[in-house]
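Just below is one structure, and these are the notes that go with it.
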Protein chains: 2
Amino acid sequence: MTKLSVVGKDIPRIDALEKVTGRAKFTSDFEMPGMLYGKIVRSRYPHARILRIKTTKAERFPGVRTIVLPEDAPNVRFGYDLCDEFILPRDKIVRCVGQPIAIIVADTLELAEEAVDLVEVDYEELPAVFDAEEALSATPPALVHPEMSEGFFARSFSFSFDPSMPNCCRHAKIRQGDVEEGFEQSDLVVENRYSTARVSHCALEPHVVNAWVEADGTLTMRTASQTPSRARLNLARLFGMPPTKIRVIVPYVGGGFGSKIGNDAVLEALAMLAAIKSGRPVCLAHTRGEEFVSGRHRGDTITYIKDGVKRDGTLVAREMKAIMNVGRMADVAHIVVRNWGFSVAGTYRVPNFKWDSYGVYTNNPPAGAFRGFGAPEVIWAIEQQMDILAERLGLDPVEIRRRNLLREGDRDVCGQTTVAIGMGNCLDRVAEWIEWDAKPVEEEGPWKKGKGIAIGSKYTISAPSSATVKVHSDGTVEVRHGSVEIGMGIDTVVAQIAAEELGIPANRVKVVHSDTAICPPDHGPLSSRSTFFTGNAVRLACHDAKKRIFELASMKLGTQAENLAIKEGKVFVAKEPDKFVSMQDLFISEIPLKGGEVIGTANFSVPTIPQDPETGQSERIVAYYGHFAHAVECAVNIETGEVKLLKIVGAADIGTPINPRMSEGQMEGGFLQGIGTSIFEQIALEKGVMVNPSFIDYKMPTALEMPPNDNVKAIIDSVPHPEGPFGAKGAGEGPILAVAPAFANAVYNAVGVRIKALPISAEEVLKQLKEATSP
Amino acid sequence: MTKLSVVGKDIPRIDALEKVTGRAKFTSDFEMPGMLYGKIVRSRYPHARILRIKTTKAERFPGVRTIVLPEDAPNVRFGYDLCDEFILPRDKIVRCVGQPIAIIVADTLELAEEAVDLVEVDYEELPAVFDAEEALSATPPALVHPEMSEGFFARSFSFSFDPSMPNCCRHAKIRQGDVEEGFEQSDLVVENRYSTARVSHCALEPHVVNAWVEADGTLTMRTASQTPSRARLNLARLFGMPPTKIRVIVPYVGGGFGSKIGNDAVLEALAMLAAIKSGRPVCLAHTRGEEFVSGRHRGDTITYIKDGVKRDGTLVAREMKAIMNVGRMADVAHIVVRNWGFSVAGTYRVPNFKWDSYGVYTNNPPAGAFRGFGAPEVIWAIEQQMDILAERLGLDPVEIRRRNLLREGDRDVCGQTTVAIGMGNCLDRVAEWIEWDAKPVEEEGPWKKGKGIAIGSKYTISAPSSATVKVHSDGTVEVRHGSVEIGMGIDTVVAQIAAEELGIPANRVKVVHSDTAICPPDHGPLSSRSTFFTGNAVRLACHDAKKRIFELASMKLGTQAENLAIKEGKVFVAKEPDKFVSMQDLFISEIPLKGGEVIGTANFSVPTIPQDPETGQSERIVAYYGHFAHAVECAVNIETGEVKLLKIVGAADIGTPINPRMSEGQMEGGFLQGIGTSIFEQIALEKGVMVNPSFIDYKMPTALEMPPNDNVKAIIDSVPHPEGPFGAKGAGEGPILAVAPAFANAVYNAVGVRIKALPISAEEVLKQLKEATSP
């Protein structure tokens, strides 16, 4: 590879100036003439039949323009992929507290909020189910979707109803070898049950949509969505219109973490219904409270794991059963249920493996995507198991992991070939930084110190991205992509890639993103895929543009197109840089006659092979794995059970980083979210009602909970991926991946207490400390 | 040519629904948060030095946010092509009444208007010149641009200063044969002087601009402009920025007629200055009064013409001298001065020809483009001459014209070869409709009836258009062009062309127009060029898109790409229509792998050869000519001099019309504007001050002045143009072309009075009637 000029450099983000000066625009920064404001009337019961909606008082309330009712909604079951719910309860059934029933549309937000309380809904309560294992039984206390027996429409798989699990929306399997035989051959078998709590994404920007109908009938939305291209297709199906009559515009987005993948299209659909009914633009936005109550959350999960190992620590067999409480509708949780299995495939050699994952409906709010998409929940189980196994065998936790790592060319449990795995180095780097072999220096008092280590791999799904690159006569370049700048820096990444390809500085690249009317489609920023997929699409679009430019320049320069190169607005003969033609001259002489513009287009995806439904086997089902290792040092207060973070380190194999400093930023943010979901965060539901829906009661870590800067370390130690743009993979989800089990292992290391249910709360630590010391 | 399905059909305009329901958006329909409103402080003197601008009172006025002063403007002489003026008087000289001096920027329009009167400007008056012939002398009463002797920058020609005409901004020539010799060979020589008045375009939508600076520094304008691509380049030069940092967005425009070609960039520049200085979006709009006072007008002109003919009516020699009063700055009037000459080339055989046209600065408001771009003014002279010659030779006016018409393959006076001329048929058709050979039936009373006929050809300049065509997976198509929908129907025309090319109904084509950030460049709707140039660009872009589609489909269908055709979302083997692949399938299987999108691009222009500056000769300087004939029947009141229209007909050779009904609509609108400029309209200037700047005093024709529908007839009788899209040419300007001389000839026919100065006013008719009857 030739020397890189822009890629791999820590250039400032191209959106830095507008963001730090407050000029960058997010959805709520746009106002429209005549805009009305919507507020959602929500269910007060976890499961009930709606008998009557009385709107007379609300209708008469001054400033109320219209009220959108269930009968105004299309009679179509809707969903991101599995279509299981109406956007408003056309079937007169509500299935969780907080479910939208109607929308007040008024002149101001304040008036709409007041009028919400004037809508009276008469309910007939129905039996409800909240516990995932109860819900998964053959005779559950309640059926959440009894109509499911007739089947649901799903895009990505063939949905089938299993009468032995009448609340199960998805059951996925992986089978390799024979686990029973494996356990027989094992010297040690260890079996445990782990669980994780419901948590919220807490993106700074809550969901917000402006919806209006253009004069030509185009349904148009400006929205904080992670998936405009998918939203467009979903809305087209919902409203029965061609996709070309739906436009989804996404300005900058203030964080997503998966929260804006699934339910985006629901809030858009509701806002659009309100716009259609009122004939005016409508703004529909969540408060923080609605953001909590309305979901989507990271669903609470239960994982049963049984491991068989040889005396030297070699894994022989592993059997796992994982259950996700998806709440009242699947959103994307049923995809999490499937992809969950990929999380266990990318790290360790496991000759005999059995995996069953279940998504189960309950009368809780819906679960959905969350940074890691299932992986952190299952790594929580595996990485504690590895420590338990090590201890039982008298092995070092780092060593037992190292012995079992997949190596280049290995076949993983899904049948895929391992490519460009950098996990070994990452493990070594975090062990080194945390001084793994040294005991922490204990101080006086109730605080006891410990260290923990954990690793994990994050799969990235394969899905298409496309890009358009337009070269201007002054040599500047416009890149259009359909992904979303949710804060992670994709605009800067593609600017660097285009700049590298076209030989200009990154600040001469203008990036236009996420407007379905203007930009080509993209699966969106999820699954740590943007740099790899959107980046590759941009790279290939640059190649396409260059091909056109070189063809035109070759005539001028009297040489074959393949001998040409481009840099700083000049096309030159690669071996004779003095022979060149400027872009300006090409635009004057050649380009106007041959198309008028130089536009390169490209689509990129990785060809995959569908899994065998019974065995989960596929030669390639994921695009690539990123590999991550974490280590923490913590202190546990043996009098209160409190856990305090002292040091944290993460090492990442994310392929060649396009902008290393930005990747480190991603990692530091991931650590923080990992810390929160390890020791603080939990959506507390009591019979389907969230009892802590505010940042006062739902504790996120702040600067106060973080150790000093020197004790936080992000390390990039990568193997370039052969298919990545300049060798890059993605860095979005990995940084959160194994933080929680590293914490749990450190707590055990400090005070000998093994916490198997997230979060690691002071109460639970104290309870177990007391149990351990009680006679 | 195969049978056409969409082209040539009278489909409803694609913007009809949104326009008749009032939902179509024009610039003033957009509001922006925080928008301020500007109002221009204008000069009260025709020529003066600014001594002081006192703004203290205006600055203190509540709601005033800032005042833009001359020193805030770039120190760059600016212009559409010839750069002769500052956008605000950096040189402290004002050169006409109404010239912008400063801009008040305030919270509301009303406050800005009030504050304008609080700005006190101290002037030192300078000598002024208003009359074009006085201004053109070697020793004029005033020099409008004394700095001109140092030269001006011009894009399209090499500007040179002639000390013998120190106010002349352009002198253009055509020379063919030897006119002196021609006059000697002639049996009859007739010499006359004609003149035309200043008139205003009276587009329903006055100029309006919203300007703001985007967070990334892009200077962005939403504006009622006819020339967004040119405006962008002009503004880039003015503000010293790369064109990629300028964005010009043009929504629907409520009529242009040339008024929005030139000065658009000045109002945009002023609004942008206000946005930059205030840091907020600024709306700057003309009132109707400002629209009149601020120009650009159709400049007043004088034409000297000397014709030599043989006894049989054959033209032997013609010598012309035409003078345009361009006012204080050239805008595009100097281009009118050049193109004027093309108007005399496209109709008649003239073996010996001499043409001199002059643009002369005066202290009047600036002139500019107006429907016809010089042609109606010179046809006013020629077509009265033809009638005078016919009468003197005892020939029929139709016959003398017919004898002198250019024929296919003839070389015209500019040296161009005549192609696809349909004038003869047009002449015959109007003569037939008006019953040329029958005398009108006279009634009792003072009204005397007469008929008049006149013809003219409208050149279209060559300039590039480009287009992008995107084919969607559902077979629908998006067309992007950079021209402007100013009301003439270009969006419908390109939709029909794209629909024809891609085998779908026109309502499956979405047209995106005139946003320089999104659409490819286009010279804009002027010179009757849109259908031909933008239409051809769209056609070629469809070809480009089809080429890509056919390449992909050829693999699927096992045949060569050239054997394929496309219709209704299916690609099929032309000779075996049952062998097909749907677009949907191509997008699923082939297209994602080969670029992700199907985008076709094209640029179209007609290669031309610059004129010889001394002789005006060029083998091809214009793209094509449209040919038009008009006939009117009118009544003249011999007691009052009043002229009343009874019947009007126009026949047009506009090539194959894409949408005949729309072309007829264009023609009917042109008749109306022709009637207004023939018998009513005149900007009355007294020492540079317009004394009738309102629709009360400036008379436009209304329904009351139009004859009943049956007496208004638009006829299309075309010769397909070999280079036009499906044979089409343009229809924009022709309909107004020869209305005025047809009127004048009818008045002469009715009462024997020859009016050589436009408009044909009752006063002048009565005065000449009296002179004729006085002893």
Side-chain angles (χ1 to χ4, degrees), chain A residues 14-15 17-19 21-25 29-34 213-218 236 242-245 464-468 470 472-478 508 510 512 515 517-518 520-522 537 540-541 544 548 591-605 607, chain B residues 14-15 17-19 21-25 29-34 213-218 236 242-245 252 464-468 470 472-478 508 510 512 515 517-518 520-522 537 540-541 544 591-605 607:
Chain A
I14 64 168
D15 53 1
L17 184 67
E18 46 181 316
K19 284 188 172 167
T21 56
R23 303 193 66 191
K25 284 192 177 170
D29 292 324
F30 293 86
E31 282 168 40
M32 294 179 75
V213 183
E214 281 292 338
D216 70 354
T218 303
T244 46
K245 280 291 191 189
S465 286
S466 27
T468 307
K470 186 163 155 185
H472 292 280
S473 58
D474 57 3
T476 60
V477 169
E478 183 180 286
R508 303 199 72 202
K510 181 184 168 73
V512 177
D515 177 340
I518 293 173
D522 193 295
L540 295 176
D544 191 34
R548 285 152 207 259
I591 289 167
L593 305 175
K594 301 275 164 48
E597 295 199 293
V598 175
I599 296 180
T601 64
N603 183 84
F604 180 80
S605 68
Chain B
I14 63 169
D15 52 0
L17 184 68
E18 47 181 315
K19 283 188 172 167
T21 56
R23 303 193 67 190
K25 285 193 177 169
D29 292 324
F30 293 87
E31 283 167 36
M32 294 179 74
V213 183
E214 281 292 337
D216 70 355
T218 303
T244 45
K245 281 289 192 191
Y252 287 126
S465 286
S466 27
T468 307
K470 186 163 153 184
H472 293 280
S473 58
D474 57 2
T476 60
V477 168
E478 183 179 287
R508 304 199 71 203
K510 181 185 167 75
V512 177
D515 176 340
I518 293 173
D522 192 294
L540 295 175
D544 191 34
I591 289 167
L593 306 174
K594 300 276 163 47
E597 296 199 294
V598 175
I599 296 179
T601 63
N603 183 82
F604 179 79
S605 68

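We name chains A, B, ... by the order of the sequence lines, and we start the count at 1 in each one.
The part of Ile599(B) that comes within reach of chain A is its side chain, from C-beta onward, which places non-hydrogen atoms under 4.5 angstrom from that chain. At a 4.5 Å heavy-atom cutoff, the contact between Glu214(A) and chain B is made by backbone atoms alone. Contacts between Thr21(A) and chain B at a heavy-atom distance below 4.5 Å are absent for every atom of the residue. Heavy atoms of Lys470(B) lying under 4.5 Å from chain A belong exclusively to its side chain.
With contacts defined as side-chain heavy-atom distances shorter than 4.5 Å, the pair Lys245(B)/Asp216(B) qualifies. In this structure, Lys510(B) and Thr476(B) have side chains that are not in contact, with every pair of non-hydrogen atoms separated by 4.5 Å or more.
Between chain B and the options Pro242(A), Ala517(A), Gly22(A), the largest number of non-hydrogen pairs under 4.5 Å is found for Ala517(A).
Counting only distance, with no hydrogens or angles, the side chain of Ser465(A) and the backbone of Phe604(A) share no donor-acceptor pair below 3.5 Å.
Closest non-hydrogen pair, Ala541(A) versus Ala467(A), comes out as CB-O, 3.7 Å.
Arg23(B) contributes atom CZ, which lies 14.0 Å from atom CG of Asp15(B) (distance to the nearest 0.5 angstrom).
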